[in-house]
Every structure is written in structure tokens, then in C-alpha cells.
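One structure is given here, and the rest of the page talks about it.
Because only heavy atoms are used, hydrogens play no part in the values below, and waters and symmetry mates are left out as well, while side chains stay in.
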Amino acid sequence: MVSVNLDLLFRFLIRTKQFTKGWAPNSNLLEKIINHRREMVVKAGRRTFLVESDDFTVQLSRFSNDSNGYKVAIGNFQSPLCEFQQLMLPEECRQATFQLIVPENWRRGDTIPLCVHIAGTGDHGFSLRRRFMAKPLLNDYGIASILLENPFYGSRKPPDQFRSSLRYTTDLYLMGLALIYETQVILHWARMMGFSPVCLSGVSMGGHIASLAVSCWPRPLAAVPCLSWTSASSSFIDGALNKAVSWKTLKASYRECADRLHQSTDLDHSNSYFNKNSFKTHLQLVSSDHRNESTNLLSYSVGNKDVSVHDEVKIETPSMAELLRTALDETTHLANYPIPVDTSRIISVQSQRDFYVPRDNLIGLEQLWPGVDIRILDTNSHVQCILFRQSLFRSAINDAINRCL
């Protein structure tokens, strides 16, 4: 129980809210994002590259040497998502930035393994991943690292965004889409620079985006998603992040959002994991439900029913939460993406219990990705794993890379 409370206590101490300006900056952006994701997945399902190797130019700064035997350079390129202007990626997010950490004696063309690290929630800049992942990986296993800056974080954060508080739900979806494309640029570039084998990894949200990215890569690829599962919906609806959602803000426009998606003719035919018209069916239920509801706030219990430490969260009605769940499942559920080419190269590292990423109400990863290696750590807390089990994340990365040799 102490470790369970650690997750909830940590969430209580971080007072920032998510989706502070609502569902989307305009009424049709969410619809455009859903349609683009479906088109992207169709292409990825054909095992073709989303980004070709010669489509984008990566600029790399001069290396700066460190006294500890490694050197660092900064890389930049334009995010491929900029090509799709209808998705309205903010100006500040359009230049992808990463940090490359290699041995001091490395030269271009030297063949050494590489891990690409996707940032988790609230991980701005490179310092934490460099200190706790990249440096130990290099010292202990000889694995170089690329630390990719997430859109909406660090140098890519819009000026009106407060810290890690995403303004709109669509910011989260755009972040994931952009990183899927940007990861493909980095994987092409890493191959041309001589890195091999290459592994994708991330913790929490970073782990989930790494899972999305490996599913869209048309070649066998090692991956180590840590403390993530099969959909982001469980985190925001059933998990500790429920308390971070700005429900009062979402309340103001969720009727309009549900109605617009429900009325959209473009969403009639789904290639999603859910039944053919399930997305539309969910929206119809949400749309019809809110017309008859009372304006009073209702208590909506979240989390596992057998866990008493979850307080009730005040939400307008369950239907509003279900609209968010439906949109999150549509955009982030792994079943809506191709199965990775070789699941035997993927190691998923999980806490035994996790109140940030509850797994009870989701289909298991082993069902979606047969052959995946799932490692359950002897902890009952998301936060505890991040603080005290990162050596096991690094060990899994080394094991996944060794499976490619």
C-alpha cells in the first residue's frame, strides 16, 4: 500500500493540469488527426517507409568532448509532420532536435549499437535521460544514445504552454504522430552513420510512443518500452493522470466535439481494432447521452474498484470521460497499428502494479504482439520503478540489442 500511495502522492504534488484549453484549437482538427492516423497506418501496414531516407537532411553540430570519455553533438531536422499543413503543428514544434552521445574515440562509419530514447511525460531537455540512461549505457554496455526532444517540450514548447501542461487534447495526438515520423528520420540517419543494431526505448509515455514507432517501422527493430501498455486511455481515464485532466475545461466544448465527430461522413469506415463502426457507435452514444443529462456534476469513480486509495473524481458525466477514452483509443491503441515485424526483439518492462498505467481493463500486449518478452518487476509503483529500477531498463535494452546480433 505504501508503494501504491507513492504514485498518488507524486501526482498530488505535481499540480499542473492537462488540456487546459480544451479539446482542440478548432472544431475539425481532431477529425483531421484521426483521418491522417488511419491513412498513415494503412501505409505502414503495407510495410513501406513513412519517410524515405533522402527526404530529409539532418544537420549535426560539432562534437563537444566530456572528461568522462564520451562526446556529445546536437542534431536538427524539420519534422516530417510539417508536410501535412492541415494538422497545424505549432511553429515552435517544427524543428526536431536531438542529442547524440557516443564514445570519445567514435568516428562516423564505426559500427556500434545505438539506442534512441523517447522522452516521457514532463521530461524536458536531455539532462535526465543523458545522466540516467545514456551515460550508463555507454559505460556499462558500449551502447551509444540519441535523445530525441518531444514536440511541446523543452526547446519545442509553445510560448503559451505552462511547463508540461498540454493545451489541447490534440497536442498529445500531434506529439505522438510527429515522433513516429521523426523516429523514422533518425533510424534512416543512424543507419547511414554506421550505427547497428539500433533499439527504440522510452519510459512511461515515451515507452508507449516507442511502441507506436516500432509498429510503423517496416523492418525488424529492437524496442524496449518501459512502464507503458496497449493504450494511453487507461492512464488518463483509469489511472493517476485522471486527476491531471482539466475536466472543467473539457466540459465547455465536449458536446460540440462529440457532435462534429459523430456527424462526420469521413469517419464511417474504420480500419481500427474496434468493430467496423465502433468509433461512430461510441460517438453516437456519447452524443445522445449528453442531450438528456443533468447539468449537475456526477461522481465518476476511476481506477480499479478493489483499490480504495483512488478518490472519486468529479466529472461532468461518464459520457465526457468516454469521449476522451474513445479518442485516446482511436489514436493510441496498439491494436490500431501494425504488429511489429519481429516481436521477438521487443522487451516490455512493467511494474507489478502501476497506478499511472493500469493494465486491468486493457487487452494484454502478449495478445496483440505474440512473441513479445514481458518482464514484470517486483514493484507496485510507477514512480518507484523510475526512481530505483532504471538499471533494469538499461539491462533490457542491452538484451534486446544482443538479440539482433
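In this structure, CZ on Phe49 lies 14.5 Å from OH on Tyr181, to the nearest 0.5 angstrom. Here the NZ atom belonging to Lys43 is positioned 11.0 Å from the CD atom belonging to Glu39, to the nearest 0.5 angstrom. Asp55 contributes atom CG, which lies 10.5 Å from atom CD of Gln184 (distance to the nearest 0.5 angstrom).
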Salt bridge (charged side-chain N to carboxylate O under 4.0 Å, His left out) evaluation trace for Asp238 with Arg359: CA-CA 9 Å; Asp238 306 315; Arg359 302 188 296 272; over 6 Å; no

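Residues meeting the side chain to side chain contact (heavy atoms under 4.5 Å, CB included) test with Thr121, sequence neighbours left out: Tyr153, Met205.
Applying the side chain to side chain donor-acceptor pair (under 3.5 Å) test to every pair with at least one member in residues 158-174, sequence neighbours left out, gives these pairs: Lys21-Asp160, His124-Ser164, Asp160-Arg167, Arg167-Asp171. Pairs of residues two or more places apart, or lying in two chains, that qualify as side chain to side chain donor-acceptor pair (under 3.5 Å) and include a residue from residues 202-213 are Ser204-His382.
For the pair Lys71 and Phe63, the cation sits on the ring face: its NZ or CZ lies under 6.0 Å from the ring centre, inside 45° of the axis. A cation-pi contact links Arg37 to Tyr337, judged by a cut-off of 6.0 Å to the six-membered ring centre and 45° from its axis.
A donor-acceptor contact closer than 3.5 angstrom is absent between the side chains of Arg156 and Gln95.
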Side-chain donor-acceptor pairs of residues 100-119 under 3.5 Å, sequence neighbours excluded:
residue : atom : partner : partner atom : Å
Trp106  : NE1  : Asp110  : O            : 3.4
Asp110  : OD2  : Arg107  : N            : 2.8
His117  : NE2  : Ser145  : OG           : 3.0

All N/O donor-acceptor pairs, side-chain side in residues 340-352, below 3.5 Å, sequence neighbours left out:
residue : atom : partner : partner atom : Å
Asp342  : OD1  : Ser344  : N            : 3.1
Asp342  : OD1  : Ser344  : OG           : 2.5
Asp342  : OD2  : Ser344  : OG           : 3.4
Asp342  : OD2  : Arg345  : NE           : 3.1
Thr343  : OG1  : Pro370  : O            : 2.5
Ser348  : OG   : Gln350  : NE2          : 2.7
Gln350  : NE2  : Ser228  : O            : 2.6
Ser351  : OG   : Arg353  : O            : 2.7
Ser351  : OG   : Thr379  : O            : 2.9
Ser351  : OG   : Thr379  : OG1          : 3.0
Ser351  : OG   : Ser381  : N            : 3.3

With a 3.5 Å cut-off and sequence neighbours excluded, list the donor-acceptor pairs that the side chains of residues 85-92 form with protein atoms.
residue : atom : partner : partner atom : Å
Glu91   : OE1  : Arg94   : NH1          : 3.0

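In this structure, Phe393 and Val203 have side chains that are in contact, with non-hydrogen atoms separated by less than 4.5 Å.
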